[in-house]
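Each remark here refers to the structure printed beneath this line.
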There are 2 protein chains.
Amino acid sequence: MEALTPAARRVLDSAAELFYGHGINAVGVDLIAKHAGVTKKTLYERFGSKEALISAYLRERDERWRAWLTAQVDAAPPQDRILATFDALAAWMRRENPRGCGFVNAAAELPDADHPARAVIADQKHWLRGYLRELCEEAGASEADDLADELLLLHEGATVLNGLSALADPVAVSRRMALAALERAGL
Amino acid sequence: MEALTPAARRVLDSAAELFYGHGINAVGVDLIAKHAGVTKKTLYERFGSKEALISAYLRERDERWRAWLTAQVDAAPPQDRILATFDALAAWMRRENPRGCGFVNAAAELPDADHPARAVIADQKHWLRGYLRELCEEAGASEADDLADELLLLHEGATVLNGLSALADPVAVSRRMALAALERAGL
DNA sequence: AGAGGAGTAAACAGATCGGTATACCCGACC
DNA sequence: GGTCGGGTATACCGATCTGTTTACTCCTCT
C-alpha cells in the first residue's frame with residue numbers, strides 16, 4: 001500500500017463513510033471533498049477520477065475486513081477456526097455493517113461489468129471463498145469445496161439480512177447452520 | 001390493483017427494466033419517460049414523483065414474485081412444498097434476477113429509513129419469512145420459527161450470490177442445505 | 001536561497017437531475 | 001357537437017453532476 005498524503009487519507013476516509021452510508025451514486029465528489037476539508041483539485045490529483053476513488057474505497061474496505069477476519073480466526077483454537085469466522089462477522093457487523101455488505105451494495109450500483117470496481121468486488125468474494133476452503137481443508141474436511149460453498153452462502157445470507165432488519169440475529173442463525181454443516185461433514 | 005392507463009403501464013414497465021438493470025439512482029425520470037414513449041408530464045400526472053414510482057416498481061415486482069412462488073409451491077406435492085420454494089427461486093432467477101435481489105439492491109440505494117419504498121422492501125422480506133413459516137407449520141415442524149429463519153437466510157444467500165457469480169450454482173447449494181435442515185428438524 | 005510538492009480558493013464547462021409550465025391533439029361519452 | 005380525460009411536444013426552472021482551469025500559499029528538503 002503506497003502511503004497516502006494526509007489530504008488523500010482524509011479523502012479516502014470520507015469517501016468510505018459517505019459511499020457506504022448513502023450509496024455510491026448518491027454521493028458526489030463535491031460532497032466528498034467538502035467532507036474531507038479538501039478541494040476537488042486535490043481529490044482529482046490524488047485519485048484521478050470518481051471511478052478510481054470507488055475502487056480505492058472498496059479495496060481498502062476489503063483489506064480491513066481480511067485483516068480483521070484472519071486476526072480473529074488466528075486467535076481462535078484450531079478446532080474452532082471455522083465457527084470463529086462467524087463470530088468475527090458478528091463483531092464486524094456490529095461496528096461496520098449496519099447497511100449490509102458494502103460490496104453487494106456497490107455491485108447493485110455498478111451494473112457495468114467493465115467497471116474497474118467490479119474486479120475488486122469479485123476479488124473480495126473469491127478470496128473469502130478460498131479462505132473458507134483453506135480452513136475446511138485444515139479441519140480435515142473430505143469435501144472442502146462443497147463445504148466452503150455452504151459457508152460462503154451462510155456468510156452472505158447473514159450479511160445481507162443484517163442490513164434489512166428482517167431477522168433479529170441473522171449471524172446467530174447462520175452460525176448454527178454452519179455448526180450443523182460441520183457436523184454433517186463429520187468435523 | 002387499480003387499472004393503469006396504457007401510458008402509465010408503459011412507464012411502470014420501463015421503470016422496472018431500467019431501475020433493476022442500471023440502479024435506481026442511475027436512472028432519471030427523463031430516461032424513463034423517453035424509454036416509455038411518454039412525456040414527463042404524463043409520468044408525473046400518473047405517479048406524482050420519482051419516489052412514488054420507485055415504490056410502485058418494487059410493489060409490482062413483489063407481487064409478481066409472490067404469485068410465481070405460491071403458484072409453484074401449490075403445484076408441488078405436499079411433502080415437497082418447502083423444497084419447491086428453492087426450485088421456484090432457481091427458475092425465477094434464471095429469468096428475472098441476473099443482477100441479484102431487486103429489493104436488496106434497492107435498499108442499498110435508499111439509505112433513508114423514511115423513504116416510502118423501504119416499507120415495501122421490509123414487507124417483501126417479512127411476507128417471505130411468514131410464508132416459509134406457514135409451510136414449516138403445515139409440514140409439522142416443531143420449531144417452525146427457527147426453521148423459517150434458516151430457510152429465509154438460505155433464500156437470501158442464494159439470491160445475492162446469484163448476482164455476483166462467485167458460486168456456479170448458489171441455489172443448488174442452498175437447496176441442499178435446506179434439505180439437511182429439514183432432515184435435522186425431523187421432516 | 002531556491003525548487004518543488006502539497007495544498008487552498010474559486011470559477012467554469014457541459015450535462016443531467018427532479019419537477020413544472022404552456023399549448024395543443026384526439027377520441028369517447030352525453 | 002361540445003366537453004373532458006389522456007395524451008403529446010417543447011421549453012424552462014434551479015440545483016447538482018463529473019471534471020478542468022487559473023492563480024496563489026505554505027512547508028520541507030536540499
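Please read these numbers as outputs of a predicted model, since none were measured by experiment. Lettering follows sequence order; numbering is per chain, from 1. All values below were derived from every heavy atom in this structure, side-chain atoms included, with hydrogens, water molecules and symmetry-related copies excluded.
Atom CD1 of B/Ile24 and atom C1' of C/dC17 are 16 Å apart (whole Å). A/Asp30 places its CG atom 16 Å from the P atom of C/dA13, with the value rounded to the nearest Å. Between B/Asn25 atom CG and C/dC17 atom C1' there is a gap of 11 Å when expressed in whole angstrom units. Spacing between atom OH of A/Tyr44 and atom P of C/dG7 amounts to 17 Å, rounded to whole angstrom units. Between the P atom of C/dT8 and the CD atom of A/Glu45 lies a distance of 10 Å, rounded to the nearest Å. Look at CZ on A/Arg10: it is 14 Å from P on C/dA6, rounded to the nearest Å. Look at CD1 on B/Ile54: it is 13 Å from P on C/dC17, rounded to the nearest Å. C/dC17 atom C1' lies 12 Å from atom CD1 of B/Ile32, rounded to whole Å.
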Can you give each donor-acceptor pair under 3.5 Å made by side-chain atoms of residues 22-37 of chain B, sequence neighbours left out, with the distance rounded to 0.1 Å?
from    : atom 1 : to       : atom 2 : distance (Å)
B/Asn25 : ND2    : B/Glu109 : O      : 3.4
B/Asn25 : ND2    : B/Glu109 : OE1    : 3.4
B/Asp30 : OD1    : B/Lys40  : NZ     : 3.2
B/His35 : ND1    : B/Ser14  : OG     : 2.9

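Taking the ring axis of A/Trp92 as reference, the NZ or CZ atom of A/Arg64 does not stay both within 45° of it and closer than 6.0 Å to the ring centre.
Salt bridge absent: A/Arg184 and A/Asp146 never bring a charged side-chain N and a carboxylate O closer than 4.0 Å. We find that B/Arg175 and B/Asp87 are joined by a salt bridge, their nearest charged nitrogen and carboxylate oxygen being less than 4.0 Å apart. Note on A/Arg9 versus A/Glu60: salt bridge recorded, some NZ/NE/NH1/NH2 to OD/OE distance being below 4.0 Å. By the 4.0 Å N-to-carboxylate-O rule, B/Asp62 lies close enough to B/Arg66 to be salt-bridged with it.
A/Thr5 comes within contact range of the sugar-phosphate backbone alone, with a heavy-atom separation under 4.0 Å but no base atom that close. At a threshold of 4.0 angstrom between heavy atoms, the contacts of B/Gly37 are confined to the sugar-phosphate backbone, with no base atom among them. Within the 4.0 angstrom heavy-atom criterion, only backbone atoms of the sugar-phosphate kind lie near B/Val27; the bases stay farther away.
With C/dA23, C/dG7, C/dG19 as the candidates, the nucleotide lying closest to the side chain of B/Lys41 is C/dA23.
Distances shorter than 4.0 Å separate some side-chain N or O of A/Thr42 from OP1 or OP2 on C/dT8.
Reading DNA chain D from its 5' end, the first and the last nucleotide to sit under 4.0 Å from a heavy atom of chain B are D/dG6 to D/dA9.
Judged purely by distance below 3.5 Å, without hydrogens or angles, the side chains of B/His155 and B/Thr85 pair a donor atom with an acceptor atom.
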